[in-house]
Amino acid sequence: MLYVFRSPTSVEVMMFGQVAQQLLEIAGKDPQAPRGVITVAQLPDVIARLQRASQANLQIVRTERDVLHRRGDEEEIEADMANISLFQRAIPLIEMLEYALKEKEDVLWGV
């Protein structure tokens, strides 16, 4: 399933279902809803939630990678580098939300 986030302030952001549902849950939205809206009034809170979660994830990823580098297992390091973190996946959505807040526009999503 593909989720599409839309706002008149930026290009569409598309995400696979599991990632989009995880981010919607963090944002305080119903991850099972087939569509919804993040209103201008909700944007500051949603942005803050996503930023906190993505920063926490980034710290975990860095710690895990440090452990792998200390072990020196090159195969594990390469496999880990191929994984895309929540931090990386959240960036396009956070940027969209920030632009929408600046321009005072809602963000819609749908399946």
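Given the structure is predicted, the values throughout are model-derived calculations rather than measurements. Computed over heavy atoms, backbone and side chain alike; hydrogens, waters and symmetry mates excluded.
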Determine all donor-acceptor pairs shorter than 3.5 Å in which one atom belongs to a side chain in residues 20-37; sequence neighbours excluded.
unit_1, atom_1, unit_2, atom_2, d
Q21, NE2, Y3, OH, 3.1
K29, NZ, V37, O, 3.1
K29, NZ, Q42, OE1, 2.8
D30, OD1, Q32, N, 2.9

Pair up each side-chain donor or acceptor in residues 97-111 with any protein partner under 3.5 Å, not counting sequence neighbours, and list the distances.
unit_1, atom_1, unit_2, atom_2, d
E98, OE2, Q51, NE2, 3.1
D106, OD1, V40, N, 2.9

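In this structure, V46 is a member of the same hydrophobic cluster as V19, with clusters built from ILVMFWY side-chain heavy atoms closer than 4.5 Å. Connection of V4 to F16 is established within a shared hydrophobic cluster, with ILVMFWY side chains joined at heavy-atom distances below 4.5 Å, either directly or through further cluster members.
Note that CZ of R52 is 14.5 Å distant from CG of N57, once rounded to the nearest 0.5 Å.
Pairing each heavy atom of I94 with each of S54, the nearest pair is CD1-OG, 4.0 Å. Residue F5 comes nearest to M96 through the heavy atom pair O-CE, 3.2 Å, listed as atom of the first residue, atom of the second, then distance. The minimum heavy-atom distance linking L2 with M15 is given by the pair CD1-O, 3.4 Å.
At most 12 non-hydrogen atoms from other residues, nucleotides or ligands lie less than 6.0 angstrom from CD of Q18.
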